[in-house]
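Let me begin by presenting the structure, written as structure tokens, before commenting on it.
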Amino acid sequence: SGADVHARLKRMQGFNVLHPMGFDAFGLNAENAAIERGIHPYTWTMDNMAKMRGQLRSIGPMYDWDREVVTCTPDYYRWNQWIFLQFYRKGLAYRGFAPVNWCPSCKTVLANEQVVDGLCERCDTPVIQRDMNQWFFRITEYADELLDQSKMDWPEKINTMQTNWIGRSEGVEIEFDISEYGLDQASVKTFTTRIDTIFGVTFVVLAPEHPLVDVLTTEEHRDEVAAYIEQARHQTDIERLSTEKEKTGITTGSFCINQVNGERVPILVADYVLATYGTGVVMGVPAHDQRDFEFAQKYGLPVKVVIAPPDGGDDTLSEAYTDEGVQVNSGKFDGLPSSEGMEKIANHVEEQGWGQRSVNYRLRDWLVSRQRYWGTPIPIIYCDDCGAVPVPEKDLPVVLPEDAEFLPTGDSPLALHQGFLNVPCPDCGKPSKRETDTMDTFVDSSWYFLRYTSPNYSEAAFDPEAAAKWVPVDQYTGGVEHAVMHLLYARFFVKALRDLGLLSFDEPFKRLFNQGTIISGHEKMSKSRGNVVAPDDFVKRVGADAMRCYLMFLGPWDQGGEWNDSGLNGMFRWTNRVWELAHRDPAALKGATIDEGSARDLTRLVHQTIRKVSDDLEKFKYNTAIAALMEYTNSMARTWKRADVSSETWEQATETLLLLMAPLAPHITEELWERAGHSDSIHNQTLPEWDPEIAAEDEITLVVQVNGRLRDRIQVPASIEEDAAKQAAIGSEKVMVHTEGKTTVKVIYVPGRLVNIVVR
RNA sequence: GGGGGAGUGUCGGAAUUGGCAGACGAGCAUGAUUUAGGAUCAUGUGCCGCAAGGCGUGCGGGUUCGAGUCCCGCCUUCCCCACCA
């Protein structure tokens, strides 16, 4: 509902607002429900959507339902397939081997959520990693551009998370010589960010999955290494859960030569080295890397100091020294500061042809294959002769068969569906098989905002003109949990579609606001999207507006909070008070004795409130906007009781109240607006503006301190000059009690705020 | 281990960014009204103290005329990433 307030605010500010709603409907939830309850995921999803629509409507958001998008309909997912084909053509979608969670007992792939403590959630069998052919999107191609956050205004926190996730690091790829073994490859390539420590290498470690492990392992170590790799394969998931796992490894029996100093060092295998990062090989420098240090300690490998701490340091290291220092034991680089050594050694390595500077990213390509039913079928056909053949665009969509069987056989339902599986090759006509994997649901959500701009467009995924008109999205809302998934993927999509010539902008969402989550017991209540906890009961009791306002009054919108229904009554009281206040007949004030001061006070407050509320709404500070409106109504009630303002003044105050409340409480304000005799909707009005002159106070409270301690408060004209203010402060009786018999050192004056008298 | 938040009455939370701590709401208390009320209205409500006054924003220091806000050192807690070479 917070996003709805924003949409309504923008509309009342005269903007043309597109505020759509849709359902991200594919995914594991529906599929699991289908298996557990024997309901088809389509039915389950549609039922849920109907419920959610009802709940959403009950709070009264201003959605344009004509643009509704439902991702599990062929009308939508055919365009997932279409985009997939565009990506494929551009080389942005490719097929490759990747490890998946595999349950050897169920003979099935498991999603990460289905792996509990390293065990299959269904049969408690230890899950292993297994390489399978899968589809990827080449998001790493955009790693550098994704690091550029200059074209968007997002919370710093999200930017930081994305930056860390992409994890760019600059370093040097350097080769270690293994030519003595006469293999195809004469060297092992490693990546390091600390080339300044190259002279301290005492061993080299390969990831267990590295292809060289097999060829470099000597006969006498073969069995041990094989056993080690086998257990590493089983451990991958379990070990991740242990925070401080002791490093393990095993030697291959082979050696390599550090070309920089000609030293021959052993080659080991250890699972603390990741096959997927850098080159999958690490040069071990125990003196200057904590992980290498621990590893060396455990296996009795030598520790060689090559960077001396500025203070000379100690001979015996108890931990790795990872800071900068002076090069020692580094040949001709001795004596250089390590920062300089870093450059000089890199140059040297490049000149000698032993390696070159390179950049590495933590970010991996996006694995989009899911061995599941409830998702978008990947539009590829495998032909024995032609290989992987894309489904021709005219044959899209590849429709998900409705009659797939949902038996817990351990196989993907699509792979068992003969009608779906068997097709002729689009190129040669020979009997072929369809890809049975479906796409990650994050594909659906990576471009839906483009579809909203032209939900019925049939030429492409979206109408480029409509997209150009509405996108980038001016204001996007979403939780932090999307930082490195959805939000990053959407950015990648827009850049990729731009490079395909389909878009002419670089970023999907100009401004991003993280809304918080309302927690009720243990369940989540989203503040803007579907609610898990049904608000219906509360809406019935206190009305949609009180419900909406309460959700926003609970705390800052980006913070979320714990739902507590006792506070809801307070909001109910307030909306009732407003209702009642707005129904007062201004005619009753016709014969009133007008008090000019009171009238001015009310008018001033009208303008101050407009200023405060407009400002807060703009900044999503809904809680304080509502607080200001409450103060305003309280003040109005007091004025009415005194009955000392004109009916015109009163009417203006009432009208302002309704207009300012309209984005927050759309229903009662609309009704009250109509009852006040207006024929047009309140939501078509423009937000009132404030006049700084009228909003200005003519009398202010000046705080008077003595040595920084509050001693008095005095009422003075707002226009008071510095000297007069100081005199008034010094003359205060309460102040004199504390200044009596002391010397005034100085007097500090903060205009409009305070006077602080410093005495000794 | 790394990164980022947060810590304020009984509770949710305010505080124009260095200037009246506790706005607004909840709860509670007292009173009014009512046959009745999860209704309405009024008043009060950080702590100690009869009072003058003192003490108060996780703890300890510091800067400043003045610190919830800035700096240093701790404690607690939440989130994200976690062997990234």
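What you are looking at is a predicted structure, and each value in this text was computed from that prediction instead of being measured.
- Nearest nucleotide to the side chain of A:Arg362, out of B:A82, B:U16, B:C24: B:A82.
- The phosphate of B:A39 (OP1 or OP2) has a side-chain N or O of A:Arg573 nearer than 4.0 angstrom.
- When the P atom is used for both B:C80 and B:G27, the distance is 34 Å, rounded to whole Å.
- If you take atom C1' in B:A15 and the same atom in B:A82, they sit 38 Å apart, rounded to whole Å.
- Atom C1' of nucleotide B:C78 and atom CD of A:Glu481 are separated by 15 Å, given to the nearest angstrom.
- Nucleotides B:G5 and B:A51, compared at atom P, are 45 Å apart to the nearest Å.
- Distances were taken from every side-chain heavy atom of A:Ile748 (C-beta onward) to each of B:A85, B:G19, B:C24; the shortest belongs to B:G19.
- Other residues, nucleotides and ligands place no more than 12 heavy atoms under 6.0 Å from the CD atom of A:Glu721.
- Considering only side-chain N and O atoms, A:Lys247 lies nowhere under 4.0 angstrom from the phosphate OP1 or OP2 of B:C83.
- A straight line from OH of A:Tyr622 to P of B:A23 spans 25 Å, rounded to a whole angstrom.
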Report task. Let me see the working for A:Ile267 and A:Phe203 under side chain to side chain contact (heavy atoms under 4.5 Å, CB included), right down to the final yes or no. Result -> CA-CA 6 Å; A:Ile267 301 175; A:Phe203 56 94; over 6 Å; no

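- Checked against the 6.0 Å centroid threshold, A:Trp366 and A:Phe442 do not count as a close aromatic pair.
- The residue A:Gly167 sits apart from the nucleic acid: no heavy atom pair falls under 4.0 Å.
- Taking atom CG on A:Asn159 and atom P on B:C81, their separation rounds to 17 Å, with Å as the unit.
- In this structure, A:Lys247 is not positioned above the aromatic face of A:Phe295 in the sense of NZ or CZ being under 6.0 Å from the six-membered ring centre and within 45° of the axis.
- Across all strands shown, A:Lys612 has no heavy atoms under 4.0 Å from either base or sugar-phosphate atoms.
- One P atom belongs to B:G22, the other to B:G9, and the distance between them is 14 Å to the nearest Å.
- Distance noted for atom C1' between B:A14 and B:U34: 36 Å (whole Å).
- The only member of A:Trp557, A:Trp154, A:Tyr476 that meets ring-ring contact (aromatic ring centres under 6.0 Å, His included) when paired with A:Phe513 is A:Trp557.
- Using a 4.0 Å heavy-atom distance criterion, A:Trp165 is classed as a sugar-phosphate-only contact.
- A side-chain hydrogen bond (donor to acceptor under 3.5 Å, both in side chains) with A:Arg194 is found for one member of A:Thr192, A:Asp196, A:Thr197 and no other, namely A:Asp196.
- With rounding to whole Å, A:Ile626 atom CD1 is found 13 Å from B:A26 atom P.
- When each of A:Val480 and A:Tyr277 is assigned the nucleotide of RNA chain B with its nearest heavy atom, A:Val480 is the one assigned upstream, toward the 5' end.
- Taking only side-chain nitrogens and oxygens, A:Lys621 comes nearer than 4.0 Å to OP1 or OP2 of B:A15.
- In this model, the phosphate group of B:A85 is approached by a side-chain N or O of A:Ser169 to a distance below 4.0 Å at OP1 or OP2.
- Of the C1' atoms belonging to B:U57 and B:G46, the separation is 11 Å, rounded to the nearest Å.
- Taking atom P in both B:C55 and B:C59, one finds a spacing of 15 Å when rounded to whole Å.
- Side-chain N/O atoms of A:Gln705 and base N/O atoms of B:G19 include a donor-acceptor pair closer than 3.5 Å.
- A:Asp558 has its CG atom 15 Å from the C1' atom of B:C78, to the nearest Å.
- Across B:G7 and B:U69, the matching C1' atoms stand 14 Å from one another, rounded to whole Å.
- In this structure, A:Arg760 reaches neither bases nor backbone, as no heavy-atom distance under 4.0 Å exists between it and the strands shown.
- Of the candidates B:C83, B:A85, B:C24, the closest approach to any side-chain atom of A:Phe191 belongs to B:A85.
- Atom CD1 of A:Ile714 is separated from atom C1' of B:C20 by 13 Å (rounded to the nearest Å).
- Straight-line distance from the CD1 atom of A:Ile166 to the C1' atom of B:C80: 15 Å, rounded to whole Å.
- Checked against B:A23, B:A14, B:G38, the side chain of A:Arg541 finds its nearest nucleotide in B:G38.
- Inter-residue side-chain proximity for A:Ile626 and A:Met571 is flagged as met; some heavy-atom pair is nearer than 4.5 Å.
- Remark: P of B:G53 and CG of A:Asn707 are 16 Å apart, rounded to the nearest angstrom.
- When heavy atoms are screened at a 4.0 angstrom cut-off, A:Asn576 is found touching no nucleic acid atom at all.
- Between B:G4, B:C20, B:G12, one nucleotide has an atom nearer to the side chain of A:Thr701 than all others, and that is B:C20.
- In terms of phosphate contacts, A:Asn634 brings no side-chain nitrogen or oxygen within less than 4.0 Å of OP1 or OP2 of B:A23.
- Base orientation of B:G54: anti, since the glycosidic angle falls outside 90° of 0.
- Within the 4.0 angstrom heavy-atom criterion, base atoms lie near A:Asn756.
- Summarising the geometry, atom OG belonging to A:Ser732 is positioned 10.0 Å from atom NE2 belonging to A:His738; distances are rounded to the nearest 0.5 Å.
- In the set B:C41, B:C20, B:C83, the nucleotide with an atom closest to the side chain of A:Lys641 is B:C41.
- Residue contacts for A:Val758: at a heavy-atom cut-off of 4.0 Å it reaches the sugar-phosphate backbone alone, with no base atom in range.
- Between A:Arg709 and B:C55, a side-chain N or O to OP1/OP2 separation shorter than 4.0 Å is present.
- A:Val273 comes within contact range of at least one nucleobase, with a heavy-atom separation under 4.0 Å.
- With B:A23, B:G4, B:A85 as the choices, the nucleotide that has an atom nearest any side-chain atom of A:Glu631 turns out to be B:A23.
- Counting any heavy atom pair closer than 4.0 Å across all strands shown, A:Arg577 reaches sugar-phosphate atoms only and no base atom.
- Base orientation for B:U69: anti, the chi torsion being more than 90° from 0.
- Counting only heavy atoms from C-beta on, A:Met630 has its side chain closest to B:G25 among B:A85, B:A23, B:G25.
- In this structure, A:Asn623 reaches the sugar-phosphate backbone alone: every heavy-atom distance under 4.0 Å involves primed, P, OP1 or OP2 atoms, never a base.
- For the residue pair A:Gln715 / A:Thr701, a side-chain donor-acceptor distance below 3.5 Å is found, with atom types taken as modelled.
- Nearest-nucleotide positions on RNA chain B for A:Asn569 and A:Thr624 put A:Thr624 closer to the 5' end.
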